[in-house]
Q: 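Submitted below is the structure of interest, expressed as structure tokens.
No experiment lies behind these values; they were computed from the predicted model shown. Worth knowing before you read on, the calculation uses all heavy atoms, side chains too, and leaves out hydrogens, waters and symmetry mates. So you know, we letter chains A, B, ... as the sequences are listed, proteins then strands, and number each from 1.
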Protein chains: 2
Amino acid sequence: MTRDGGPGATGVDPEQLWLSAGQSRRGRRPAFSREAITAAAVALADAEGLEAVTMRRVAAQVGAGVMSLYSYASDKETLLELMVDHVSGELPASVALSGDWRADLKAVAHDQRDLMLRHPWLPAALSTRRSLGPNTLAFLERALAALRPTGLDGTAKLEVFAQLTAFVAGHVAHEVLQAAAVRSPDRVAAEARYLATVAADGHHPELAEALAAPARALTPEATFTRFLNRLIDGLGTD
Amino acid sequence: MTRDGGPGATGVDPEQLWLSAGQSRRGRRPAFSREAITAAAVALADAEGLEAVTMRRVAAQVGAGVMSLYSYASDKETLLELMVDHVSGELPASVALSGDWRADLKAVAHDQRDLMLRHPWLPAALSTRRSLGPNTLAFLERALAALRPTGLDGTAKLEVFAQLTAFVAGHVAHEVLQAAAVRSPDRVAAEARYLATVAADGHHPELAEALAAPARALTPEATFTRFLNRLIDGLGTD
DNA sequence: TCTATTCTCGTACACTGTACGGAAATAGAG
DNA sequence: CTCTATTTCCGTACAGTGTACGAGAATAGA
């Protein structure tokens, strides 16, 4: 059951998740690892989408019984949080900062976008959850460092980071949706027919004109960069 | 099973959904209506989140047998799409435009945000789906009209609208998450303790400083407006 | 060797979306 | 009117979900 930001969504206790005691010498030796299980779940999500990540399929992937997973993640929600932090480990946590905070912040955003394109389920996962795991925090640390020259106070810096992440996630979610749609030409054709019908009804003149106008094919990358630049260049001008 | 933007996500055929033939005189007379069913689903999502929207609960709410719903929406995915367009009907589709396209566009974004705050499940629902229903298209029509003075070509206008929507959805998703977290003080305390622990480990100096800095309490509304203004004021400057 | 601890995982249960098919209701044809 | 085609209603059933429970296996220290 996927969480969705509705009332009652509380998340997982970060203390218990990320600060759990280290290895215990007593008892049966673990046959698997949190790392391996998380990686399997991520691979599944990458290949077939978030909905393919079921406890049974993850267990099968890893060669474990289903209930064994619960020794490593007390919850499916916890597993999802682990997945988010796991892929965040791909983000470059330490990169030389240029001192030009706008440029540095743009680099941060591009890194985030690249990550989300590699893991298209990430925007959806983030829209309901926010990780406070070590990898996420390491990346946050870098972003805060990039923002140091702005002289913003702590709250403002955290806010900028949150907004930036939300912006990137929103953009990539749309980009991914677009890309998925394009991969099924029947759908595209059906949608085009439908929109043409709507445009022809006379009640949508602007839409009709917009659809009629020639489409300069702009890469998603270029679109992203333009909007990102607009957002960031505007920062600190008030 | 919620869709999630992973590979294979194709969506629903808009022709079949929105252009289905009108009333058919033959056969048993419908006891319910698409409208009522959709409204019940929306009410459920508003009150308890998207995960509470199950076919059984919607049917119960409406006084129908579960399988009767499938006469009105061939799919749960279809029902979700209906929900999105349903609430989009709350958006003011026709409002006098000022001619100042930046101001008009900001108004559009504020309308979207208000809608999403009223229906906190909407950002998550949109991150995986995009509606082409009549209400959505009516609002799009207004946004395109607002963009007319820019002289942008059709593709660019559509892109701006998509980006703006993504931006708003991203912001509100974060805002809602924050608000939900605040409603459970134990979680907030646990998180604060956890972050303090991390900040004290010496590896997160920027985070430590950011957390130590005093928090100017800024309303979410103000934060949204600031970032929105930055984004929109930057448009058309290149 | 005994015991406490830890991990493994088969079984079971409540819940999900929905395929199937029979019963009920209606409109038009004869 | 009857007959038939069509549509809606919905009980039942089934495969699939997350996970509670608890019995067994493995290990470390006493």
Side-chain angles (χ1 to χ4, degrees), chain A residues 1-4 6 8-10 12 20-37 40-41 44-45 48-83 125 128-129, chain B residues 1-4 6 8-9 12 16 20-37 40-41 44-45 48-83 125 128-129:
Chain A
M1 208 167 304
T2 310
R3 302 222 349 286
D4 60 281
T10 47
V12 164
S20 61
Q23 68 287 356
S24 56
R25 286 258 155 264
R26 279 285 257 278
R28 184 171 176 167
R29 206 171 290 126
F32 313 102
S33 76
R34 183 172 271 200
E35 181 75 10
I37 289 168
L44 218 41
E48 304 181 41
L50 255 198
E51 77 198 12
V53 179
T54 70
M55 300 306 269
R56 278 165 240 259
R57 290 202 62 184
V58 172
Q61 200 78 27
V62 123
V66 192
M67 292 313 290
S68 298
L69 300 187
Y70 289 86
S71 299
Y72 299 89
S74 58
D75 233 321
K76 192 189 182 184
E77 169 60 25
T78 299
L79 178 57
L80 287 166
E81 221 140 314
L82 288 171
M83 289 171 66
T128 296
R129 221 173 323 275
Chain B
M1 205 167 302
T2 311
R3 300 221 351 284
D4 60 279
V12 164
Q16 192 163 347
S20 61
Q23 67 287 356
S24 56
R25 286 259 155 263
R26 280 284 258 279
R28 185 171 175 167
R29 207 170 289 123
F32 313 102
S33 74
R34 182 173 272 199
E35 181 74 11
I37 290 168
L44 218 39
E48 303 181 40
L50 255 197
E51 76 197 13
V53 179
T54 70
M55 300 306 269
R56 278 166 240 258
R57 291 202 61 186
V58 172
Q61 201 76 28
V62 123
V66 191
M67 293 313 290
S68 298
L69 299 188
Y70 288 86
S71 297
Y72 300 89
S74 59
D75 232 322
K76 192 188 180 183
E77 169 59 26
T78 300
L79 179 57
L80 287 166
E81 221 140 314
L82 289 171
M83 289 170 66
T128 295
R129 219 173 325 275

Q: Can you identify which nucleotide, out of D:dC10, C:dT18, C:dT8, has its nearest atom closest to the A:S71 side chain?
A: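 The closest nucleotide is C:dT8.
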Q: Rounded to the Å, how far apart are B:D75 CG and C:dT16 P?
A: 17 Å
Q: Of all the choices, C:dT18, C:dG10, D:dG29, which nucleotide is nearest to the side chain of B:Y70 once you look at every atom?
A: C:dT18
Q: Which nucleotide sits closest to the side chain of A:F32: C:dT5, C:dT8, D:dT19?
A: C:dT8
Q: Between C:dC9, D:dC10, D:dG18, spot the one nearest the side chain of A:A64, thanks.
A: C:dC9
Q: CE of A:M55 versus C1' of D:dG16: gap in Å, rounded?
A: 15 Å
Q: Once you round it to whole Å, what is the distance between C1' of D:dT8 and CD1 of B:I37?
A: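 Rounded to whole Å, this separation is 11 Å.
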Q: Could you check whether A:A59 gets within reach of a base, just the sugar-phosphate, or nothing at all, counting any heavy atom under 4.0 Å?
A: nothing
Q: Nearest whole Å is fine: how far is C:dT16 C1' from A:E51 CD?
A: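 It works out to 14 Å between those atoms.
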Q: Rounded to whole angstrom units, what separation is found between the CG atom of B:L69 and the P atom of D:dT7?
A: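 B:L69 atom CG is separated from D:dT7 atom P by 19 Å.
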Q: Nearest whole Å is fine: how far is D:dT17 P from A:L50 CG?
A: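 About 14 Å, once rounded to whole Å.
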Q: When all nucleic acid strands are considered with a 4.0 Å heavy-atom cut-off, which category describes B:V53: base, sugar-phosphate, or nothing?
A: sugar-phosphate
Q: To the nearest Å, give me how far apart CZ (B:R29) and P (C:dT26) are.
A: 6 Å
Q: Tell whether A:R56 reaches the base of D:dG16 with its side chain through a donor-acceptor pair below 3.5 angstrom.
A: no
Q: Taking A:I37's backbone N and O only, do any of them form a donor-acceptor pair with A:Y72's side chain (distance below 3.5 Å, no angle check)?
A: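 Looks like no, no N/O pair under 3.5 Å.
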Q: Atom CZ of B:R28 and atom C1' of C:dG22: how far apart are they, to the nearest Å?
A: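 B:R28 atom CZ is separated from C:dG22 atom C1' by 12 Å.
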Q: Hey, which of these two, A:T54 or A:M67, hits DNA chain D nearer its 5' end, going by closest nucleotide?
A: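 The residue mapped nearer the 5' terminus is A:T54.
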Q: Identify which nucleotide among D:dT19, C:dC7, D:dT8 has an atom closest to any side-chain atom of B:P30, counting heavy atoms from C-beta outward.
A: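 Out of D:dT19, C:dC7, D:dT8, the nucleotide with an atom closest to B:P30's side chain is D:dT8.
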